[in-house]
Amino acid sequence: MILVGTSHIDLQGPERLEHLLEQIQPKIITVEISANLSLDDVADQIIEGRATQIQRLKATDMYESYKRLLTEIYSIRAFDALVPIQYARANGVEIYPVDFPSQESKAKIFRNEDKELLAILTSIYGHRLPYDQYRKAFIDWHERMFYSPEVARDLARLFNIRGTVEDKPAEEREQFMAERILEKNPDVHLGGLAHVIDEPPIPFPVTPLYLRLGDRVSQRIRLNEVSKLYTPYGSITN
C-alpha cells in the first residue's frame, strides 16, 4: 500500500496526481472523503463549487494579480478527490471514501477562503507584482511551506497553528480512517500530508494515520516527489 500526502492548494497537484495514478495503475484506491457521501455527489459538488467561487471572485475589486491567482487556486480545489474519482470512472477502478462520516447529507467541499488566501499572498510579497511573477512566487512558497517539513514547522510555530478536526475528536477520526483503509486494502491511499507523512506541515495532535496501518504500508510519499520516484515506464526508482 502506497500512501500519498497531498496539499489542497497545490497548483501543480492535478497534473502530479494524474501522472502518479497512470504510473502506479492501482486497482483499489481509498480517498479522504466522508464515507457516507456519494462519489457522484462529491464530484458534482466540486465542479459546481469551483464555478461558484470563481464567479464570485469576478465580481470583486481586488488587485488583478490576486484575483487571477485565487481563481486558479479555486479552479483546482479538491483535485485530490476529483482526480481519483475521474480516474476510477475512466479505468474501472474501485474507489472508496474512508473519512469520518459528514454531518451533512450532501458534500460540503468548499468554504470561502479569500481572507486566508489573501493573507498568504500578501505575506509572500506585500507589494504588487505582475501575475506571472506572483504565480511563480506562490508556487515557490507553497513548495517550501507544504512539502518542506522543517520550514512548515517553523511557520506553524510562528502562527501557533495546530491540527484540528471538526465535529469529532482527532483520535476517533484517525482510527475510523485506519480501520476502513485496512478493510479495503488499497493499492493507493490519498490523504492530507498531516495524516500520511511523519513530519506533517501542521503539528498533528494525535497518532497519525500511517502508524495505525503498520506494516501494510510499503511506501509514503509527498505528492511533489512523484517525478523523483517514478520513471516514464512506471517503475519505482531507488
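The structure displayed is predicted, hence computed values, not measured ones.
With Arg216 contributing its side chain and Asn185 its backbone, the two residues share no donor-acceptor pair below 3.5 Å. At least one donor-acceptor pair closer than 3.5 Å links the side chain of Ser75 to the backbone N or O of Glu72. Looking at Glu225, its side chain does come within 3.5 Å of a backbone N or O of Arg222 through a donor-acceptor pair. A donor-acceptor pair is defined here as one N or O able to donate and one able to accept, closer than 3.5 Å; no such pair exists between the side chain of Gln12 and the backbone of Asn224. In terms of modelled atom types and a separation under 3.5 Å, the side chain of Glu174 and the main chain of Leu209 share a donor-acceptor contact. Between the side chain of Arg50 and the backbone N or O of Arg77, at least one donor-acceptor pair lies under 3.5 Å. In this structure, the side chain of Lys184 does not engage the main chain of Ile28 through any donor-acceptor pair within 3.5 Å. Using a distance-only test at 3.5 Å, with no hydrogens or angles considered, no donor-acceptor pair links the side chain of Ser34 to the main chain of Leu37.
A salt bridge links Asp40 with Arg89: the distance from a Lys NZ or Arg NE/NH1/NH2 to an Asp or Glu carboxylate oxygen falls below 4.0 Å. Under 4.0 Å is where a charged nitrogen must lie from a carboxylate oxygen, and between Glu171 and Arg212 at least one such pair does.
Considering Asp187, Ile85, Ile24, Leu21 in turn, Leu21 is the only one that fulfils the side-chain contact (heavy atoms from CB on, under 4.5 Å) rule with Ile29. Each of Ile221, Val188, Val196 was evaluated against Leu3; a single residue qualifies, Val196, per the side-chain contact (heavy atoms from CB on, under 4.5 Å) test. Among Thr30, Leu190, Val4, the single residue meeting the side-chain contact (heavy atoms from CB on, under 4.5 Å) criterion with Pro84 is Leu190.
Residues satisfying the side-chain hydrogen bond (donor to acceptor under 3.5 Å, both in side chains) test with Asp140, not counting sequence neighbours, are Lys136.
Between Tyr134 and Tyr66, the ring-plane angle classifies as perpendicular under the 30° and 60° cut-offs.
In this structure, CD in Gln45 is found 9.0 Å from OG1 in Thr52, a value given to the nearest 0.5 Å. Atom CD1 of Ile9 and atom CZ of Phe79 lie 10.0 Å apart (nearest 0.5 Å).
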Worked check of side chain to side chain contact (heavy atoms under 4.5 Å, CB included) between Arg180 and Tyr96:
CA-CA 9 Å; Arg180 275 139 194 83; Tyr96 300 100; over 6 Å; no
How far apart are the C-alpha atoms of Ile139 and Leu11, what are their side-chain angles, what is the distance that settles it, and do they pass the side chain to side chain contact (heavy atoms under 4.5 Å, CB included) test?
CA-CA 7 Å; Ile139 290 175; Leu11 290 181; 4.1 Å; yes
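Heavy atoms from other residues, nucleotides or ligands lying under 6.0 Å from CD of Glu15 number 12 at most.
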